[in-house]
Q: 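One structure, as structure tokens, below. Some questions next.
We name chains A, B, ... by the order of the sequence lines, and we start the count at 1 in each one.
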2 protein chains.
Amino acid sequence: MARVRLIDVAELAGVSMKTVSNVVHNYPHVAPALREKVQAAIDQLGYRPNLTARRLATGRTGMIALAIPEIDHPYFSELSRHIAEEATRRGYRVIIEQTLSDPVAERAVLSDREAGLVDGVIFHPVRMESLDIAKLDPGTPLVLLGEAAMPVMTDHVMIDNISAALDATRHLLARGCRRIAFLGVIAADITGSTNQRLLGYQQGLLEAGVQLDPELVFTALEFTAEAGLRSVAEAIERGVCFDGVVSRDDRFAIGALKALHDSGRSVPADVAVVGWDNTFLAAYTSPTLTSVAPRKTAIAAAAFDLLEERIAGYRGVGRHRIVGHSLEVRESAPFAP
Amino acid sequence: MARVRLIDVAELAGVSMKTVSNVVHNYPHVAPALREKVQAAIDQLGYRPNLTARRLATGRTGMIALAIPEIDHPYFSELSRHIAEEATRRGYRVIIEQTLSDPVAERAVLSDREAGLVDGVIFHPVRMESLDIAKLDPGTPLVLLGEAAMPVMTDHVMIDNISAALDATRHLLARGCRRIAFLGVIAADITGSTNQRLLGYQQGLLEAGVQLDPELVFTALEFTAEAGLRSVAEAIERGVCFDGVVSRDDRFAIGALKALHDSGRSVPADVAVVGWDNTFLAAYTSPTLTSVAPRKTAIAAAAFDLLEERIAGYRGVGRHRIVGHSLEVRESAPFAP
DNA sequence: CCGTCAATGTACAGCGCTAGAAAGATGTTT
DNA sequence: AAACATCTTTCTAGCGCTGTACATTGACGG
């Protein structure tokens with residue numbers, strides 16, 4: 001099963017390697033007859049160019065790395081899908097790097113692991129801070145996703161979290177909710193996203209003249225539905241009274257729905273719930289879940305736009321692209337009557 | 001930002017390239033003093049080996065391709081995660097190839113796309129048949145997942161679908177269900193999995209002496225929760241009477257739960273439901289979903305075992321590994337009282 | 001005090017492909 | 001028919017690293 005090389009084809013066809021290469025690349029300036037002959041040789045031998053060698057010669061790999069915390073988090077798997085499709089469209093392949101939110105793994109994404117392997121990296125950090133990233137930035141084109149860190153020199157794509165949280169909160173206020181909880185602040189979470197969402201939530205309450213109540217900020221232990229469930233269940237046990245929930249993550253919201261259901265509360269009549277990320281789950285919970293919807297395809301497209309400019313040689317300061325969002329209104333928090 | 005090469009380090013340290021290479025690889029037979037000196041040069045220049053070049057020289061890429069229909073299908077995203085983790089454990093990186101169940105894309109996976117790029121391919125085909133695969137098999141080590149096709153020469157990992165469907169059906173029968181539906185046969189689905197699951201379902205009914213009723217085999221249009229919902233809703237409208245559902249996919253089951261809920265039926269009192277794949281969703285529906293659970297970590301491990309043997313040079317006939325499964329019993333179909 | 005053998009280190013030929021320079025072929029113009 | 005312009009095709013120097021074959025060194029026994 002010895003691999004067929006360019007030179008083997010060239011010999012069989014009785015031409016030079018470069019001519020074969022020209023045929024493979026569909027370059028002009030190859031006489032039709034010759035082209036046909038070479039093609040026949042290619043087919044006969046079943047020649048396939050060795051991409052590694054091509055890479056070494058051209059310096060471009062045609063691959064980008066996508067580094068995300070968890071492949072199987074619905075938000076990230078949906079985002080991955082869009083990124084993969086955008087990549088295909090633009091002629092790249094994607095290698096997926098799962099960091100599991102581990103600082104060491106995140107660091108590895110930016111350090112020696114990727115040298116010469118990929119043309120660029122799209123990275124959704126969770127634990128690394130701006131300074132870390134700035135220090136490690138290896139010269140490989142890099143675009144960051146999410147809100148964890150935003151070094152000055154690095155490109156960045158995100159949604160306007162404050163305004164999105166504001167929208168969600170206003171939506172609940174319009175329904176008449178006055179005791180609105182925010183789920184969930186996470187102890188180990190140093191990312192900016194939660195803070196920004198919390199900020200938007202607070203801003204919404206303030207502009208409606210509703211008093212902030214620290215008791216209504218629910219803490220979760222980790223990013224799972226289970227944690228969301230527990231957090232809400234405990235709040236209920238503590239006797240906290242609330243009629244609305246803005247959840248920073250669909251999975252938390254799903255846990256919340258379950259906790260509310262278990263405690264005999266009805267959604268949205270007793271408590272209205274808004275989730276975040278508008279993952280496909282949102283359409284299949286009972287009741288279906290109103291959710292903040294980042295435009296994932298737009299995120300993928302913007303990330304690639306920035307990345308390709310970097311790959312093409314742009315060396316300037318970081319650009320920060322804000323991508324649109326909307327509120328997908330479903331049963332858990334319908335429009336005000 | 002000129003890249004630092006091995007030879008640059010060698011010059012700075014005043015040694016040969018090979019010695020630097022030896023230090024990088026931690027080979028023995030490098031005097032400690034020299035090693036230190038070389039290491040200093042490496043650090044000073046910030047040298048990072050170029051993986052593409054290393055690949056060309058060694059012939060090994062350290063990457064495998066994972067080709068699946070959809071990244072964001074919960075089953076595949078969970079499977080991907082296990083594969084990614086197994087890959088990390090064994091020193092491989094994963095490049096993910098999304099086929100979207102498109103025959104052309106599936107074909108591309110096995111043809112020129114991956115030549116020389118990866119050491120092996122793990123492929124979950126949907127539309128390609130055994131013969132196609134056998135014809136295209138490019139010599140790159142290959143392991144198939146799922147039941148769509150099983151060419152004689154190719155390795156294969158799957159669960160025993162017949163027996164799993166049998167378990168699910170028996171479980172419902174034990175609860176006293178007698179009008180058990182099978183959801184969902186798909187028109188465009190030529191894969192073996194559905195057939196095998198249907199077979200196990202029928203076998204279960206027969207051994208319990210329950211008459212088969214073609215009316216109880218529900219058809220869906222595509223692999224979405226929406227299609228499952230519609231399929232069940234239409235059956236209800238048609239006046240089909242049933243007290244149990246074996247669903248070939250969790251997403252269908254989720255749709256079914258919703259359809260049943262919408263029609264005022266209670267689960268599991270009126271209709272008991274069993275899903276398939278035990279994706280994390282199953283734990284967060286209301287009611288939670290009993291589901292057939294393939295051992296995903298075992299699938300990942302088995303796939304890598306086979307693949308690594310192929311990479312190591314095994315050239316024999318295809319091995320077929322059956323991986324264990326279980327039935328995760330939750331609220332939608334609890335144990336018989 | 002020399003020959004021998006490990007232990008270290010060096011030199012260099014590839015890995016397979018690309019791309020630009022140079023050469024060859026063909027056709028056109030005067 | 002010579003001179004020139006235009007296509008085609010060949011030649012060949014890398015891309016950066018690895019592994020083999022060979023050179024050097026120093027230690028040690030005879």
Side-chain angles (χ1 to χ4, degrees), chain A residues 1-39 41-42 45-63 112 114-119 138-140, chain B residues 1-39 41-42 45-63 112 114-119 138-140:
Chain A
M1 190 66 62
R3 283 202 55 70
V4 182
R5 293 158 311 157
L6 199 56
I7 196 169
D8 301 325
V9 178
E11 263 163 29
L12 177 64
V15 299
S16 77
M17 281 169 58
K18 174 67 179 178
T19 300
V20 180
S21 172
N22 283 343
V23 172
V24 169
H25 287 283
N26 245 316
Y27 280 179
H29 306 316
V30 177
L34 229 207
R35 160 160 281 143
E36 217 162 290
K37 188 161 128 202
V38 171
Q39 188 59 54
I42 289 176
L45 295 176
Y47 170 70
R48 314 238 180 80
N50 180 317
L51 299 189
T52 304
R54 176 179 293 170
R55 270 162 202 191
L56 184 56
T58 60
R60 285 202 56 233
T61 71
M63 300 209 301
D112 64 338
E114 309 306 336
L117 216 191
V118 294
D119 294 333
T140 307
Chain B
M1 189 66 62
R3 284 204 54 69
V4 181
R5 293 158 312 158
L6 199 55
I7 197 170
D8 301 325
V9 178
E11 264 163 27
L12 177 63
V15 299
S16 77
M17 281 169 58
K18 179 61 185 181
T19 299
V20 180
S21 171
N22 285 340
V23 171
V24 169
H25 287 283
N26 246 315
Y27 281 179
H29 306 316
V30 177
L34 229 206
R35 160 160 281 143
E36 216 161 290
K37 187 160 130 203
V38 171
Q39 188 59 53
I42 290 176
L45 295 175
Y47 170 70
R48 311 234 181 83
N50 180 317
L51 298 192
T52 304
R54 177 180 294 171
R55 270 164 202 190
L56 185 56
T58 58
R60 287 204 54 234
T61 71
M63 299 209 301
D112 63 337
E114 311 308 337
L117 217 191
V118 295
D119 295 333
T140 308

Q: Whole Å only: how far is the CE atom of Met17(A) from the C1' atom of dA13(D)?
A: 12 Å

Q: Within this structure, what is the CZ-CG distance for the pair Arg48(A) and Leu6(A), rounded to the nearest 0.5 Å?
A: 15.0 Å

Q: Mark yes or no for whether Thr58(A), through its side chain, and Arg54(A), through its backbone, hold a donor-acceptor pair below 3.5 Å.
A: yes

Q: Between Leu51(B) (CG) and dT18(D) (P), how many Å, whole number?
A: 9 Å

Q: Rounded off to whole Å, could you give me the CD1-to-C1' distance for the Ile7(A) and dC11(D) pair?
A: 12 Å

Q: Five pairs per end, C1' atoms only: what is the angle between the end axes of the helix from dC1(C)-dG30(D) to dT30(C)-dA1(D), to 10 degrees?
A: 60°

Q: Under 4.0 angstrom, heavy atoms only, what part of the nucleic acid is Thr19(A) near: base, sugar-phosphate, or nothing?
A: base

Q: If you assign each of Asn22(B) and Ala57(B) to its closest nucleotide in DNA chain C, which residue comes earlier from the 5' end?
A: Asn22(B)

Q: Rounded to whole angstroms, how far apart are CZ on Arg55(B) and P on dG19(D)?
A: 14 Å

Q: 5'-most contact on DNA chain C: Arg5(A) or Ser16(B), nearest heavy atom basis?
A: Ser16(B)

Q: Give the minimum heavy-atom separation between Val4(A) and Tyr47(A), together with the two atoms involved.
A: O-CD1, 3.4 Å

Q: Does the side chain of Leu117(A) come within less than 4.5 Å of Met63(A)'s, by heavy atoms?
A: yes

Q: CZ of Arg60(B) versus C1' of dG19(D): gap in Å, rounded?
A: 16 Å

Q: Of the non-hydrogen atoms in Leu56(A) and Thr52(B), which two are nearest, and what is the gap between them?
A: N-CG2, 3.6 Å

Q: Tell me the closest heavy-atom pair linking Val20(A) and Ala10(A), and the distance in Å.
A: CG2-CA, 3.6 Å

Q: Using chain A heavy atoms and a threshold of under 4.0 Å, write down where along DNA chain C the contacts begin and end, 5' to 3'.
A: dG16(C) to dG20(C)

Q: Quick one: Leu6(A) CG to dC15(D) C1', roughly how many Å, whole number?
A: 16 Å

Q: Only one of Thr61(B), Asn50(B), Asp119(B) clears side chain to side chain contact (heavy atoms under 4.5 Å, CB included) with Arg55(B); which?
A: Thr61(B)

Q: Tell me the closest heavy-atom pair linking Val38(A) and Thr19(A), and the distance in Å.
A: CG2-CG2, 4.4 Å

Q: Please give, in whole Å, the distance from dT8(D) P to Lys37(A) NZ?
A: 16 Å

Q: Take atom NZ of Lys18(B) and atom C1' of dT24(D), then tell me their distance rounded to the nearest Å.
A: 17 Å

